[in-house]
Amino acid sequence: MGSHRHTGRSTAARHARGVTATALSAAAATAAATLGAAPAQAQPGPPPTRASVDRLLTEAERATEAYNEADERTSTLRAELRRTQDRVARGQERVNTLRGALGALAGAQYRSGGVDPALELLFSADPEQYLEKAATLDRISLRRAGELTRLTRAQRLLTQERAEAAATLAELARSRAATARHKRAVEAKLARARALLDALPPSERAAHDRRSSRSQRPDLTGVVAVSGRAATAVAAAQRALGKPYVWGANGPTGFDCSGLMQWAYAQAGVGLPRTSQAQRYAGQRVPLSQARPGDLVAYRADASHIGMYVGNGQVIHAPYPGAAVRYDPVGMMPVSSVTRV
């Protein structure tokens with residue numbers, strides 16, 4: 001019965017891994033295609049603009065969230081592989097123990113049962129003693145059959161565990177490759193964005209720098225006080241103000257957008273998923289008009305950016321590379337959802 005349950009669990013796990021691996025492969029292919037579409041050398045064309053810089057930064061942020069997803073999956077697979085390898089080791093130990101017990105029983109039976117039972121009874125000087133001995137041998141035979149059944153089941157389970165470990169190891173290798181591809185995509189887009197930024201006319205560059213370094217604190221007077229974990233998360237996010245945007249980072253010295261949300265809520269003892277796409281499903285959806293401090297505000301149709309509502313129409317977020325954690329109006333870009341954790 002235990003073997004049957006494990007088979008179902010292994011089949012479900014393999015199916016889930018296959019679905020996730022397919023999704024990661026598709027995301028990696030998209031990122032690689034986008035990256036590959038970039039010209040190897042700058043071609044003559046219109047001069048760079050702030051809009052073109054912003055577009056590349058947005059693409060880099062999407063690639064960052066894909067990287068975060070692949071990296072999180074890699075960590076999950078490592079933990080799963082360790083657990084499976086532990087089960088394999090325990091299974092092998094059990095098989096070895098059962099083999100030893102079965103070998104001892106077989107040896108005892110061989111030493112005691114070398115003559116045909118009918119002849120041994122016929123020539124026995126003490127038939128009663130012989131019958132007691134035969135009964136003992138019968139019990140040994142039954143025990144041997146039981147040990148053999150347990151050994152067969154243990155060997156079957158061990159084979160399944162080893163197959164699962166091999167599948168997890170193969171998927172781990174694919175996930176690592178996907179993570180590396182996403183990393184290259186992010187770095188390439190950021191390098192192109194920096195090159196375009198350096199090529200901007202001085203006035204455009206100055207305007208972009210002012211937008212990246214804005215530090216004014218919004219008026220939060222009259223904000224309805226929150227309590228519990230939301231209050232703790234808001235306080236943590238406020239302590240992160242001024243920390244740099246670092247892609248793939250979740251604190252405490254640097255953050256990307258989803259990393260800031262994950263870190264802030266971790267200070268309240270709440271574990272959020274790693275990506276902005278997953279974080280939008282980490283609680284109850286509420287209308288933007290009913291947003292309260294601590295709610296997560298996801299942006300764009302693909303939820304590739306996320307911030308934390310703090311009241312009076314303001315969010316705290318990690319905007320993009322080159323900009324520090326700061327306040328911004330909640331309507332700074334199209335809102336796709338608001339989630340109460």
Side-chain angles (χ1 to χ4, degrees), residues 1-29 65-109 139-183 248 250-251 258-259 262-263 265-266 269-275 277-279 281-282:
M1 182 65 69
S3 176
H4 176 74
R5 286 196 301 269
H6 179 84
T7 302
R9 186 174 70 250
S10 299
T11 301
R14 286 193 296 271
H15 176 72
R17 284 197 299 267
V19 172
T20 304
T22 301
L24 286 177
S25 299
E65 291 304 299
Y67 166 86
N68 289 337
E69 181 182 7
D71 189 54
E72 183 178 45
R73 181 61 181 160
T74 298
S75 298
T76 300
L77 286 169
R78 285 197 190 102
E80 181 181 332
L81 181 61
R82 284 194 297 270
R83 290 192 296 269
T84 305
Q85 288 173 332
D86 287 343
R87 291 198 301 270
V88 168
R90 290 194 299 270
Q92 184 63 63
E93 184 177 353
R94 176 169 170 75
V95 165
N96 292 342
T97 300
L98 289 171
R99 280 176 176 164
L102 191 59
L105 285 173
Q109 188 171 16
R139 287 195 296 273
I140 290 177
S141 296
L142 289 173
R143 184 179 171 191
R144 182 184 182 189
E147 292 289 351
L148 184 59
T149 299
R150 285 189 286 274
L151 175 60
T152 301
R153 289 174 179 170
Q155 287 176 322
R156 187 183 302 119
L157 181 60
L158 181 59
T159 299
Q160 292 171 354
E161 296 286 9
R162 282 176 170 161
E164 187 173 336
T168 302
L169 188 61
E171 187 183 349
L172 178 58
R174 291 191 295 269
S175 184
R176 283 172 171 164
T179 302
R181 287 194 296 271
H182 288 307
K183 180 178 181 180
N250 60 348
S258 57
Q262 186 184 52
W263 177 84
Y265 264 100
V270 178
L272 289 184
R274 180 61 182 91
T275 67
Q277 290 88 352
Q279 287 174 0
Y281 298 117

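Only heavy atoms go into these numbers, but all of them, side chains included; no hydrogens, no water, no symmetry mates. Sequential numbering from 1 along the given sequence is applied to the chain's residues.
Distance check: R83 CZ to E164 CD gives 10.0 Å after rounding to the nearest 0.5 Å. To the nearest 0.5 Å, the span separating OG1 on T275 from CD on Q262 amounts to 9.5 Å. Here CD of E65 is found 9.5 Å from CD of E69. Values are rounded to the nearest 0.5 Å. Expressed to the nearest 0.5 Å, how far CG of L158 lies from CZ of R153 amounts to 16.0 Å. Within the model, atoms CG of N250 and CG of L272 stand 11.0 Å from one another, a figure rounded to the nearest 0.5 Å. Atom-to-atom distance recorded for R73:CZ and L172:CG is 9.5 Å, nearest 0.5 angstrom.
At least one donor-acceptor pair closer than 3.5 Å links the side chain of Q279 to the backbone N or O of S258. Here the side chain of S175 pairs no donor or acceptor atom with the backbone of E171 at under 3.5 angstrom. Checked by atom type and distance alone, the side chain of E161 never pairs as donor or acceptor with a backbone atom of R87 at under 3.5 Å.
Across all non-hydrogen atoms, the minimal contact from A70 to H182 is CB-CD2, 4.0 Å. In this structure, T168 and L77 approach most closely via the heavy-atom pair CG2-O, 3.7 Å. Closest non-hydrogen pair, L169 versus L81, comes out as CD1-CD2, 3.6 Å.
In this model, no donor atom of one side chain and acceptor atom of the other lie less than 3.5 Å apart for E72 and N68.
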